[in-house]
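Atoms within each ligand, like the ligands themselves, are counted from 1 in listed order. Since the structure is predicted, the reported quantities are computational estimates derived from the model, not experimental observations.
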Amino acid sequence: MSFPSCTQFRVSVIGAGNVGSALAQRVAEKNLADVVLLDVIAGRPQGLALDLMEARGVERHDRQIIGTNNYSDTAGSDVIVITAGIPRKPGMSRDDLLRTNAKIVRETVKSAIAHSPQAVLIVITNPLDVMTHLAWQASGLPPHRVMGMAGVLDSARFQTFIAMELDVSIADISATVLGGHGDLMVPLPRYSTVNGIPITELLPESTIERLIDRTRNGGAEIVELMQTGSAFYAPASSACSMVEAILYNKSRLLPVAAYLKGEYDLNDVFIGVPCRLGCQGIETVLELQLTETERNALHTSARSVRENVASFTAL
Ligand code: TXD
């Protein structure tokens with residue numbers, strides 16, 4: 001009698017900050033894969049990994065969590081998640097921040113992919129859509145194996161605000177947000193439903209606009225409350241759902257920043273659209289029928305991403 005061979009998935013999380021460490025916890029404690037947590041700071045990923053390992057007896061799982069400063073420990077990863085970057089420091093301009101994070105993302109992607117050329121790459125570092133494009137260029141991977149996480153988070157935030165407004169269970173709510181991550185995101189109320197009923201049938205337009213505004217400012221609202229640092233629990237959950245869909249070939253339809261080749265009349269740009277995720281990465285980009293207004297909003301969003309990418313490609 002022969003036993004099926006064991007598949008042991010490995011996920012490497014580059015950047016052991018707030019998002020990276022919360023994601024490592026989610027992936028390990030959901031029993032999805034072994035996790036390698038890497039950071040430039042000596043000791044930090046090792047300490048976090050040991051802490052997560054010590055939680056295993058209570059959480060009852062057998063996943064291994066390794067902390068390291070060395071890319072060779074990430075070898076053979078099935079999925080690599082990039083969260084590395086620096087937050088804005090006093091006196092630093094937005095452009096300085098972008099330039100620094102662009103350098104970090106390019107370097108970390110090159111080092112990680114060198115050890116895991118078969119991996120699927122998920123980018124989280126902001127500004128998300130631009131960093132995803134730079135990561136793709138640095139990786140040399142086919143575009144379907146590179147994607148950015150933002151749409152799942154933005155949709156989750158929209159879902160939360162709809163559930164709060166209607167006082168119904170979050171379990172019954174499904175929301176769709178397309179476009180770039182930030183001011184130019186494109187929430188789609190027509191495709192946001194409570195057990196199949198579009199919210200446009202349940203809420204007045206002015207209320208929907210208020211919920212959309214809150215979704216657009218969802219990240220800023222949390223930064224303002226926390227003062228130091230930004231959201232990490234919901235971002236980690238969002239990234240974890242993408243990791244799970246890829247590792248377990250789930251064919252989930254999730255909004256992610258994907259490279260477009262003519263879909264939505266857009267070319268050579270990473271932007272948030274609904275995609276079917278499976279073990280190959282992005283298996284299909286779903287093209288929704290958009291209204292003129294929605295289409296214009298998506299194109300405005302894509303134009304802004306493209307302009308930012310162009311300013312960085314020269315660096
Ligand atoms: O929806 C989304 N995409 C986002 C994006 C949601 C939440 C957070 N978003 C962005 O993710 C955020 O604006 C940041 O750009 C990243 C990571 O956020 P996090 O809150 O985790 O930032 P931290 O806590 O500052 O962590 C960053 C870590 C920190 O430990 C650094 O030491 C490390 O990155 N870092 C590096 N690791 C490896 N290699 C290099 N070069 C490096 N540089 C910094």
Side-chain angles (χ1 to χ4, degrees), residues 12-26 36-49 67-71 73-74 80-89 92 94 96-115 121-135 138 147-158 177 179-185 215-223 226-243 254-258 270-272 305:
S12 284
V13 180
I14 313 301
N18 283 339
V19 176
S21 53
L23 176 60
Q25 180 184 10
R26 295 256 195 274
V36 182
L37 197 51
L38 183 145
D39 204 281
V40 271
I41 301 174
R44 179 173 169 83
Q46 290 86 344
L48 290 166
T68 185
N69 308 112
N70 191 338
Y71 280 92
D73 291 326
T74 68
I80 294 167
V81 187
I82 306 291
T83 77
I86 58 152
R88 195 151 151 188
K89 295 177 184 149
M92 199 177 201
R94 190 168 172 270
D96 289 341
L97 175 74
L98 296 196
R99 215 163 305 192
T100 307
N101 278 353
K103 190 167 175 287
I104 291 172
V105 165
R106 280 177 173 142
E107 284 171 6
T108 53
V109 164
K110 278 192 180 137
S111 308
I113 291 298
H115 289 91
L121 188 62
I122 300 176
V123 179
I124 299 189
T125 308
N126 269 330
L128 191 270
D129 308 85
V130 179
M131 291 302 145
T132 308
H133 200 113
L134 301 186
M147 67 194 81
M149 185 291 288
V152 178
L153 173 64
D154 296 332
S155 303
R157 285 181 172 150
F158 195 25
V177 177
H181 185 48
D183 298 347
L184 295 175
M185 72 178 69
T215 304
R216 276 212 182 94
N217 295 316
E221 184 178 357
I222 290 179
V223 168
M226 287 171 62
Q227 291 296 313
T228 53
S230 52
F232 57 95
Y233 289 122
S237 294
S238 306
C240 188
S241 69
M242 292 166 66
V243 168
L254 297 173
V256 304
F270 278 85
I271 196 89
V305 174

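- Residue contacts with ligand 1: Thr108 is placed with no nitrogen or oxygen under 3.5 Å of a nitrogen or oxygen of the ligand (distance criterion only).
- Atom-to-atom distance recorded for Asp129:CG and Leu134:CG is 11.0 Å, nearest 0.5 angstrom.
- Within 6.0 Å of CG on Asp183 lie no more than 12 heavy atoms contributed by other residues, nucleotides or ligands.
- Nearest protein neighbour of atom 18 (O) of ligand 1, counting heavy atoms only, is Val19 CG2, 3.7 Å.
- Of all the heavy atoms in Ile86 and Leu97, the pair that sits closest is O-CD1, 3.2 Å.
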Could you give me the CA-CA distance, side-chain angles and deciding distance for His133 and Val305, then say whether side chain to side chain contact (heavy atoms under 4.5 Å, CB included) is met? CA-CA 9 Å; His133 200 113; Val305 174; 5.8 Å; no

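- Ligand 1 has a nitrogen or oxygen under 3.5 angstrom from a nitrogen or oxygen of Met149.
- The protein heavy-atom contact nearest to atom 9 (N) of ligand 1 is Asn126 ND2, 3.5 Å.
- In this structure, His181 has a heavy atom closer than 4.0 Å to ligand 1.
- Listed by number with element, the atoms of ligand 1 under 4.0 Å from a non-hydrogen atom of Leu128 are 3 (N).
- Using bins of under 30°, 30° to 60° and over 60° for the plane-to-plane angle, the ring pair His115/Tyr71 lands in the parallel bin.
- Remark: ligand 1 and Tyr71 share no N or O pair separated by less than 3.5 Å (distance only, no angle test).
- Using a 4.0 Å cut-off to heavy atoms of Ile41, the atoms of ligand 1 that qualify are 32 (O).
- The protein heavy-atom contact nearest to atom 40 (C) of ligand 1 is Val40 CG1, 3.5 Å.
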Could you go step by step and tell me if Met131 and Asn126 meet the side chain to side chain contact (heavy atoms under 4.5 Å, CB included) rule? CA-CA 7 Å; Met131 291 302 145; Asn126 269 330; over 6 Å; no

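- Taking 4.0 Å as the cut-off, Thr83 counts as a neighbour of ligand 1 on heavy-atom distance.
- Distance from atom 24 (O) of ligand 1 to its nearest protein heavy atom, with residue and atom name: Asn18 N, 2.9 Å.
- Nearest-heavy-atom check against atom 36 (C) of ligand 1 across Gly20, Ala22, Ala84, Ser21 picks out Ala84.
- Nearest to atom 26 (O) of ligand 1 among the protein's heavy atoms is Gly17 CA, 3.2 Å.
- A distance of 10.5 Å separates CD1 in Ile80 from CD1 in Ile122, rounded to the nearest 0.5 Å.
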Assess the residue pair Val123 and Met149 against the criterion (side chain to side chain contact (heavy atoms under 4.5 Å, CB included)); give the C-alpha distance rounded to whole Å, side-chain angles, the decisive distance to 0.1 Å, and a yes or no. CA-CA 6 Å; Val123 179; Met149 185 291 288; over 6 Å; no

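- The protein heavy atom nearest to atom 11 (O) of ligand 1 is Ile124 O, 3.6 Å.
- Look at Gly229 and you'll find every heavy atom at least 4.0 Å from all atoms of ligand 1.
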Apply side chain to side chain contact (heavy atoms under 4.5 Å, CB included) to the pair Ser230 and Ile222, showing each step before the final yes or no. CA-CA 6 Å; Ser230 52; Ile222 290 179; 5.7 Å; no

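- At the top of the distance list for atom 25 (O) of ligand 1, counting protein heavy atoms only, stands Pro87 CD, 4.0 Å.
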What's the verdict on side chain to side chain donor-acceptor pair (under 3.5 Å) for Asp154 and His181, showing C-alpha distance, side-chain angles and the deciding distance? CA-CA 8 Å; Asp154 296 332; His181 185 48; 3.0 Å; yes

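- Rounding to the nearest 0.5 Å gives a distance of 11.0 Å between CE of Met185 and CD1 of Ile271.
- With values rounded to the nearest 0.5 angstrom, Asp73 atom CG is found 11.5 Å from Leu37 atom CG.
- Of the protein's non-hydrogen atoms, Asp39 OD2, 2.6 Å is the one closest to atom 30 (O) of ligand 1.
- Ligand 1 places these atoms under 4.0 Å from at least one heavy atom of Leu153: 1 (O), 6 (C).
- Short contacts between ligand 1 and Pro235, defined as distances under 4.0 Å to a heavy atom of the residue, involve ligand atoms 6 (C), 7 (C).
- Protein non-hydrogen atoms do not reach within 4.0 Å of atom 22 (O) of ligand 1.
- Of the listed residues (Gly15, Ala231, Gly85), the one carrying the non-hydrogen atom nearest atom 27 (C) of ligand 1 is Gly85.
- If you look at Ala16 next to ligand 1, the close heavy atoms, those under 4.0 Å, all belong to the backbone.
- Atom CG of Asp39 sits about 7.5 Å away from atom OG1 of Thr83, to the nearest 0.5 Å.
- Against a heavy-atom cut-off of under 4.0 Å, Ile104 is close to the following atoms of ligand 1: 40 (C), 41 (N), 42 (C), 43 (N).
- To the nearest 0.5 Å, atom OG of residue Ser21 and atom CZ of residue Arg26 are 10.5 Å apart.
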